[in-house]
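Sequential numbering from 1 along the given sequence is applied to the chain's residues. Because the structure is predicted, anything quoted here is derived from the model rather than measured.
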Amino acid sequence: MRGRLLGLALCGLVLHTSPAFAGRSCEEKPADPNRVMQGFELAQRVKLKLDESGAEVAIIARAGQDLSKYHLQYSHLGIIRKLDDGRWMVLHELNHCGTAKSDLFNEGLANFFMDDPHRYEALLMIPSTEIQNQIKRAINSPAAKSLHEKRYNMLAHPFSTKYQNSNQWALETIAAALAKDVQIQNREQAQSWLKFANYRATTLEIPMFTRLGGRMFRANIAFDDQPFDRRMAGHIDTVTVDSIDQFLSSRDQGLQHIAVKYP
């Protein structure tokens with residue numbers, strides 16, 4: 001066991017000294033050896049499934065938060081690709097701890113599960129080979145960075161460029177990959193294409209007092225990009241793992257789903 005964990009730790013871990021989270025609260029906690037081990041074990045299981053699939057690129061989601069009251073299972077996703085040396089690296093947007101800012105991070109698999117997740121569970125969405133190649137070209141192009149917005153909002157509206165949440169960056173990058181009729185170079189173009197392609201956001205029902213509390217006490221939550229009438233009715237539209245899954249499934253008949261759990 002120790003040798004396997006050490007091997008995984010040395011294979012693809014990219015550590016960052018600045019804490020970053022995908023829309024979760026920022027809490028300083030000492031590392032729990034048991035949870036660290038669980039993160040490594042889940043990462044190893046995911047790696048084995050990815051290797052077995054023969055994929056080069058996939059979408060990977062984790063259960064970072066308990067979103068069951070919104071009927072959501074997974075909270076955050078990134079784009080994972082296989083390097084020439086066999087390692088798997090995740091490219092994803094993360095919110096800097098305690099701020100309304102984000103950056104793109106390129107991390108090893110184990111790091112992806114070290115953010116104290118709600119459950120040690122992952123979802124792999126493996127596109128058809130053609131779409132894998134399109135996504136690979138997009139993340140290796142300038143579009144991946146140009147589609148990133150540093151102003152972070154956990155509940156960013158999918159058709160506003162004022163803010164961005166982590167899943168929204170991935171969705172807009174996927175749009176740049178899938179669009180064949182236009183070259184997407186900025187967020188306005190990506191969102192216009194997503195509207196044309198019939199992307200449907202997830203609507204969360206969030207009452208006024210909950211919204212007020214979130215806006216007052218969390219730097220990474222805002223509602224001022226939501227349409228006024230829907231906001232007043234408590235209907236908050238945002239990009240979720242579920243909505244991306246539904247969108248990809250509608251455009252890729254070869255999309256595979258693999259759920260991985262630990263234990």
Side-chain angles (χ1 to χ4, degrees), residues 16 18-26 59 61-62 64-65 67 70 72 74-79 90-105 115 138-139 142-176 184-197 199-245 247:
H16 299 273
S18 175
F21 302 90
R24 296 192 303 105
S25 62
C26 179
I59 310 301
R62 67 187 181 200
Q65 295 174 274
L67 298 177
Y70 301 114
L72 300 173
Y74 301 99
S75 59
H76 171 76
L77 58 69
I79 300 171
V90 184
L91 183 62
H92 57 148
E93 178 185 297
L94 289 174
N95 173 214
H96 283 289
C97 192
T99 75
K101 300 293 183 182
S102 73
D103 272 309
L104 295 180
F105 285 71
D115 276 356
I139 61 177
K145 289 185 178 180
S146 66
L147 292 170
H148 172 239
E149 169 57 59
K150 283 186 172 291
R151 292 175 296 179
Y152 182 89
N153 174 12
M154 187 195 304
L155 298 172
H157 191 274
F159 298 120
S160 169
T161 59
K162 185 170 186 176
Y163 308 110
Q164 189 176 62
N165 73 18
S166 304
N167 298 327
Q168 190 175 15
W169 169 81
L171 174 65
E172 292 173 2
T173 302
I174 291 169
I184 291 176
Q185 298 178 317
N186 57 54
R187 297 190 66 204
E188 291 86 351
Q189 292 171 338
Q191 292 179 9
S192 294
W193 185 87
L194 286 164
K195 282 184 180 180
F196 175 78
Y199 166 76
R200 291 288 182 263
T202 297
T203 299
L204 307 180
E205 303 299 330
I206 304 179
M208 180 181 66
F209 289 110
T210 303
R211 297 198 306 273
L212 288 174
R215 190 67 186 107
M216 288 174 64
F217 299 110
R218 297 283 292 274
N220 58 8
I221 294 178
F223 298 97
D224 57 334
D225 59 337
Q226 299 283 334
F228 181 79
D229 55 342
R230 290 187 60 75
R231 184 187 355 149
M232 290 300 100
H235 306 318
I236 304 301
D237 300 319
T238 195
V239 181
T240 63
V241 174
D242 281 44
S243 69
I244 294 176
D245 186 6
F247 179 68

Nearest 0.5 Å please: distance from the [atom1] atom of [X] over to the [atom2] atom of [Y].
| X | Y | atom1 | atom2 | result |
| --- | --- | --- | --- | --- |
| Leu147 | Leu171 | CG | CG | 10.0 Å |
| Thr202 | Leu67 | OG1 | CG | 10.5 Å |
| His235 | Gln226 | NE2 | CD | 11.5 Å |

Backbone N or O of [Y] within a donor-acceptor pair of the [X] side chain at under 3.5 Å?
| X | Y | value |
| --- | --- | --- |
| Thr173 | Trp169 | yes |
| Gln185 | Pro142 | no |
| Arg211 | Arg231 | yes |
| Glu205 | Ile236 | no |
| Ser102 | Tyr152 | no |
| Ser192 | Gln189 | no |
| Ser166 | Glu93 | yes |
| Glu149 | Arg151 | yes |
| Trp193 | Glu188 | no |

What's the shortest heavy-atom distance between [X] and [Y], and which atoms?
| X | Y | result |
| --- | --- | --- |
| Gly98 | Ala219 | O-CB, 3.9 Å |
| Ser75 | Gly64 | OG-N, 2.9 Å |
| Phe105 | His96 | CZ-CE1, 3.9 Å |
| Ala201 | Pro158 | CB-CG, 3.5 Å |

Check against side chain to side chain contact (heavy atoms under 4.5 Å, CB included), Leu77 and Ile244: CA-CA 9 Å; Leu77 58 69; Ile244 294 176; 3.8 Å; yes
Residues Gln164 and Glu172: side-chain donor-acceptor under 3.5 angstrom: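 Yes, side-chain donor-acceptor contact under 3.5 Å.
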Donor-acceptor pair between Tyr74 and Asp245 side chains, under 3.5 angstrom: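 No donor-acceptor contact under 3.5 Å links the two side chains.
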Pairing residues for [X] by the salt bridge (Lys or Arg N to Asp or Glu O under 4.0 Å) criterion, not counting sequence neighbours:
| X | value |
| --- | --- |
| Asp237 | Arg230 |
| Lys195 | none |
| Lys101 | none |

Using side-chain heavy atoms (C-beta onward) and a distance below 4.5 Å, is [X] in contact with [Y]?
| X | Y | value |
| --- | --- | --- |
| Ile79 | Val90 | no |
| Leu72 | Gln65 | no |
| Ile206 | Leu155 | yes |
| Ile59 | Val241 | no |
| Met154 | Arg218 | yes |

Ionic contact status for Asp224 with Lys162, cut-off 4.0 Å: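 Salt bridge present between Lys162 and Asp224.
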Side chain to side chain contact (heavy atoms under 4.5 Å, CB included) between Gln168 and Gln191, worked out: CA-CA 10 Å; Gln168 190 175 15; Gln191 292 179 9; 3.7 Å; yes
Reference residue Asn165; test side chain to side chain donor-acceptor pair (under 3.5 Å); the match among Asn95, Thr240, Thr238, Asn153: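 When side chain to side chain donor-acceptor pair (under 3.5 Å) is applied between Asn165 and each of Asn95, Thr240, Thr238, Asn153, only Thr238 qualifies.
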Geometric class of the His76/His92 ring pair [parallel <30°, tilted 30-60°, perpendicular >60°]: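 Plane angle between 30° and 60°, so tilted.
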Trace of the side chain to side chain contact (heavy atoms under 4.5 Å, CB included) decision for Tyr199 with Phe159: CA-CA 10 Å; Tyr199 166 76; Phe159 298 120; 3.8 Å; yes
Test side chain to side chain contact (heavy atoms under 4.5 Å, CB included) applied to Met232 and Asp229, step by step: CA-CA 5 Å; Met232 290 300 100; Asp229 55 342; 6.0 Å; no
